[in-house]
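In what follows, every chain begins at residue 1, and chains take the letters A, B, ... in the order their sequences are listed.
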There are 2 protein chains.
Amino acid sequence: MTTDDTRGLAESLSRELRHLVLLLRRTTAGQPITTQQYSVLGSLEGGGRRMTELAEEHAVQLPTMTVQINRLEEAGLVARAADPADARVRTVELTDEGRTRLYAVRQSRIAYLTRQLSTLTPEERAAIDVALPALAKLGRS
Amino acid sequence: MTTDDTRGLAESLSRELRHLVLLLRRTTAGQPITTQQYSVLGSLEGGGRRMTELAEEHAVQLPTMTVQINRLEEAGLVARAADPADARVRTVELTDEGRTRLYAVRQSRIAYLTRQLSTLTPEERAAIDVALPALAKLGRS
DNA sequence: GGCGAATACTTAGACAGACTAAGTTAGTAT
DNA sequence: ATACTAACTTAGTCTGTCTAAGTATTCGCC
């Protein structure tokens, strides 16, 4: 429709957001880790990160991240290390097992989404493709 | 790019889904009810529903819905009633206060999303507008 | 070079939200 | 009438989130 009715679009988007959350939940249903754990592992893929960074990136408070990292550490998926330049800082990195787990869950998620997307028409898939960069910008202000 | 790379699209979508969840969280941050409570109230807007229906619609188990409705009932936002045709069934409906609260939170959410959307270009908004129906179809199979 | 403030993180305690298992009450079928 | 099924609640456990308070380390500055 390409209208200029920003508020009307906001209403539609508001309605769809819950649906997308349910979709996300389904992508990791039955997986050996939760959606949040998967998400944190993903942040570590590029190398070690500090606790503060992780908390900010995931929009949670530091204590929440402490708890999540504790559990991932107990599960052997991440390891804490010290920052040689600042003894207050703890860095977190993936273990080999954590990396393996991350990739396995990612493949499973992508397979699920691929199946879902393949039920759409090519035009619908193209529409989503075009909209993703715009959706990515939302909420970053 | 309107490619036919469904798997590649699935990967992009997988990456964006978490971002959209954070966006949803922000839409009800600071509100007097949680995202889930808002969502349940929304299901009751069209009239009374039974517990089983609500649980299915929100993709949770019955006991989870029982707890949520308990809290909403304690808060005076919904009321339980009996089904005259089947004494096992409990129906749930909005109270006047619940309806008022639902509308207030909805306005606040939509205002937030409108502000966010207004930071995009008209083309980006148009892209989201076109993609929403396709996103709505995802995961319904 | 030492003292107060700020920073990075953890611990503790609370509560929402989700699950499974088990219990209660009511309808259904034979 | 009895057994089965359906609808819901209760109880117990776990994750995810928060705030408040505690510990350890670094920084600023005199």
Side-chain angles (χ1 to χ4, degrees), chain A residues 18 21-43 48-75 77-93 105, chain B residues 18 21-43 48-75 77-93 105:
Chain A
R18 182 174 77 83
V21 170
L22 293 179
L23 178 64
L24 176 64
R25 276 237 302 270
R26 272 188 229 105
T27 61
T28 39
Q31 295 289 320
I33 56 176
T34 66
T35 303
Q36 281 81 354
Q37 289 176 328
Y38 167 75
S39 176
V40 172
L41 291 184
S43 295
R49 310 286 298 279
R50 41 194 326 189
M51 296 296 297
T52 314
E53 284 178 333
L54 288 174
E56 259 176 38
E57 181 173 331
H58 292 263
V60 299
Q61 299 299 310
L62 247 192
T64 300
M65 192 50 67
T66 295
V67 171
Q68 286 182 345
I69 295 298
N70 283 349
R71 280 198 273 259
L72 288 170
E73 195 174 27
E74 281 161 28
L77 303 180
V78 306
R80 278 183 170 92
D83 181 335
D86 186 339
R88 293 170 303 182
V89 173
R90 319 286 329 258
T91 58
V92 184
E93 33 190 62
V105 173
Chain B
R18 182 174 76 83
V21 170
L22 292 179
L23 179 63
L24 174 65
R25 276 236 304 270
R26 272 188 230 105
T27 62
T28 39
Q31 295 290 318
I33 57 176
T34 66
T35 303
Q36 281 81 356
Q37 289 176 328
Y38 168 75
S39 176
V40 171
L41 291 184
S43 295
R49 309 289 297 280
R50 33 157 76 195
M51 295 297 296
T52 315
E53 283 178 334
L54 288 175
E56 259 175 39
E57 182 173 330
H58 293 262
V60 298
Q61 299 299 310
L62 247 190
T64 300
M65 192 50 67
T66 295
V67 171
Q68 285 182 346
I69 295 299
N70 283 348
R71 279 198 275 258
L72 288 170
E73 197 174 27
E74 280 161 28
L77 303 180
V78 306
R80 279 182 168 95
D83 181 335
D86 186 339
R88 292 171 303 180
V89 173
R90 321 286 326 260
T91 58
V92 184
E93 33 191 61
V105 174

Interatomic distance, A:Asn70 CG vs C:dT10 P [rounded to whole Å]: 7 Å

B:Leu54 CG to C:dG17 P, in whole Å, measures 14 Å

A:Glu74 atom CD is separated from C:dT10 atom C1', nearest whole Å, by 14 Å

Taking only side-chain N and O atoms of A:Thr64, does any of them lie within less than 4.0 angstrom of OP1 or OP2 on D:dC18? yes

Under 4.0 Å from OP1 or OP2 of D:dA7: is there any side-chain N or O of B:Arg50 that close? yes

B:Asp83 CG to C:dT25 P, in whole Å, measures 19 Å

In this structure, how many angstroms lie between the P atom of C:dT7 and the CG atom of A:Asp86, rounded? 12 Å

May I ask you to test the B:Thr66-B:Met51 pair for a side-chain heavy-atom distance under 4.5 Å? yes

Can you check the B:Gln36 CD to D:dT17 P distance for me, whole Å? 11 Å

Do B:Val92 and B:Arg49 come within less than 4.5 Å of each other through their side chains, counting heavy atoms only? no

Round to a whole Å and report the spacing from OH of B:Tyr38 to C1' of C:dA16. 19 Å

A:Thr91 and A:Arg50: side chain donor to acceptor below 3.5 Å: no

Report yes if a side-chain nitrogen or oxygen of A:Thr66 is closer than 4.0 Å to either non-bridging phosphate oxygen (OP1 or OP2) of C:dT11; otherwise report no. no

Please confirm whether the shortest side-chain N or O distance from B:Arg88 to OP1 or OP2 of D:dT5 is below 4.0 Å. no

Output the single nucleotide from C:dG17, D:dC18, C:dG27 whose closest atom is nearest the side chain of B:Gln68. C:dG17

Whole-Å distance between D:dG16 C1' and B:Arg25 CZ? 9 Å

Comparing nearest nucleotides in DNA chain C, the 5'-proximal residue of the pair B:Arg71, B:Pro63 is B:Arg71

A side-chain contact here means heavy atoms from C-beta on lying under 4.5 Å apart; do B:Met65 and B:Val40 qualify? yes

Specify the residue among B:Arg80 and A:Ala85 whose closest nucleotide of DNA chain D lies further upstream toward the 5′ end. B:Arg80

Just so I know, are the side chains of B:Thr34 and B:Thr28 near enough to count as touching, which here means a heavy-atom distance under 4.5 Å? no

A:Gln61 side chain N/O closer than 4.0 Å to the phosphate oxygens (OP1, OP2) of D:dA20? no

